[in-house]
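In what follows, a single structure is set out as structure tokens and then discussed.
Along the sequence shown, residues are numbered consecutively beginning with 1. What's counted below: heavy atoms across the whole structure, side chains too, no hydrogens, waters or symmetry copies.
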Amino acid sequence: MEQKFCQSCGMPLTDENKGTNADNSRSEDYCMYCYKEGKFTQDFNMNQMIEFCAQFTDQMNQATGWNLTPEQAKEQMRQFFPHLKRWKQKDERTLVEKATALLAQCQEVTLASVNADGFPRPVPMSKGSTAGCNEVWMATGADSVKTSDFGLNPKAGLCYSLHGDSVALRGTVEIVTDDRIRKEMWQDWYINHFPGGPADPNYVLLHFVGTEATVWINGEFAHETI
């Protein structure tokens, strides 16, 4: 019998690891890790899938008897994946739409302020609410260094990345202390940092809006004005 492969991640497809269609029947094209109830489990493009799968190079070597490095495994996938059903279909989204989807997948961003000495100060931050590919809300302390930085200079950089794709933005940050907006943007997990809830006096929002972007997604590179 001819060996079948998952048409998303390329792993050997067997009766035991087949995914499910919308009617709960077994998929003849995709594995259970990629496809469930008629939908892909991960909103990946081909490059992201390759980077994700490369994490399991050791398991792949053990199963096949190969001795590939992660880079060698990725090169093999770059040759193989374009022939798989999922990746033969052209992604018709614009680059901005792809960047928006990437931001939705990310849990953290890196935000850079400019300190009083003129040096950039990048820090990782948990993402709050977002809009499009260039607007991010984040919670921080009113007494934080970054709040002080942005109080003196609103210029900012923000970047996010996942599985080899990335977006770097240049824009500005507004420090938001309005009670209505603080309540509207409140997320339950903020209570771990602001025990007073939405009315906690140390709870402020940083509202970043980017106007220029450098985008690298699925092998496509561009500078964009937003």
Considering only heavy atoms from C-beta outward, does the side chain of [X] approach that of [Y] to under 4.5 Å?
X: I50; Y: R78; answer: yes
X: E16; Y: T14; answer: yes
X: E174; Y: V209; answer: no
X: M77; Y: F80; answer: no
X: R121; Y: V145; answer: yes
X: T110; Y: Y160; answer: no
X: K146; Y: V123; answer: yes
X: C133; Y: I226; answer: yes

Indicate yes or no for a side-chain donor-acceptor contact from [X] to the backbone of [Y] under 3.5 Å, with no hydrogens or angles considered.
X: N21; Y: D23; answer: no
X: N61; Y: G65; answer: no
X: D91; Y: R93; answer: yes
X: K127; Y: L103; answer: yes
X: N202; Y: D143; answer: yes
X: T172; Y: K155; answer: no
X: T41; Y: Y33; answer: yes
X: N218; Y: N45; answer: no
X: T64; Y: M60; answer: yes
X: E51; Y: H163; answer: no

Testing the basics here: between [X] and [Y], what is the closest heavy-atom pair and its distance to 0.1 Å?
X: D43; Y: A101; answer: OD2-CB, 3.9 Å
X: S129; Y: M185; answer: OG-SD, 3.6 Å
X: M11; Y: N17; answer: CE-ND2, 3.7 Å
X: D117; Y: N115; answer: N-OD1, 2.9 Å
X: W186; Y: I191; answer: CZ2-N, 3.6 Å
X: E108; Y: P124; answer: OE1-CB, 4.3 Å

side-chain contact (heavy atoms from CB on, under 4.5 Å) between K18 and C6, intermediate numbers included: CA-CA 8 Å; K18 288 180 179 178; C6 173; over 6 Å; no
Using 0.5 Å steps for rounding, measure from the [atom1] atom of [X] to the [atom2] atom of [Y].
X: Q76; Y: W66; atom1: CD; atom2: CH2; value: 5.0 Å
X: D165; Y: C106; atom1: CG; atom2: SG; value: 9.5 Å
X: M138; Y: T130; atom1: CE; atom2: OG1; value: 10.5 Å
X: S166; Y: L102; atom1: OG; atom2: CG; value: 8.0 Å
X: Q105; Y: L162; atom1: CD; atom2: CG; value: 5.5 Å
X: L169; Y: E224; atom1: CG; atom2: CD; value: 11.0 Å

Let me check something: do [X] and [Y] share a hydrophobic cluster, defined by ILVMFWY side-chain heavy atoms less than 4.5 Å apart, either directly or through other members?
X: V96; Y: V109; answer: no
X: F5; Y: F52; answer: yes
X: L152; Y: V173; answer: no
X: L13; Y: L84; answer: no

Taking the ring centre of each residue, are F44 and F40 less than 6.0 Å apart?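 Judged by ring-centre distance (under 6.0 Å), F44 and F40 do not meet the cut-off.
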When you look at CD of Q62, are more than 12 heavy atoms from neighbouring residues, nucleotides or ligands closer to it than 6.0 Å? no
So is R86 actually on top of Y30's ring, under 6.0 Å and inside 45° of the axis? no
Passes side-chain contact (heavy atoms from CB on, under 4.5 Å), T140 versus M125? Steps please. CA-CA 9 Å; T140 192; M125 295 195 68; 4.2 Å; yes
Can you classify the ring geometry of W87 versus F81 as parallel (below 30°), tilted (30 to 60°) or perpendicular (above 60°)?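 Ring orientation of W87 relative to F81: parallel.
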Which class fits the ring pair Y190 and Y203: parallel under 30°, tilted 30 to 60°, perpendicular over 60°? tilted
Given L95 and I217, is the side-chain contact (heavy atoms from CB on, under 4.5 Å) satisfied, shown in steps? CA-CA 8 Å; L95 199 55; I217 293 181; 4.3 Å; yes
Dump the intermediate steps for side-chain contact (heavy atoms from CB on, under 4.5 Å) on V114 and F119, then the final yes or no. CA-CA 5 Å; V114 180; F119 287 95; over 6 Å; no
Sidechain N-carboxylate O distance under 4.0 Å for R182, D179: yes
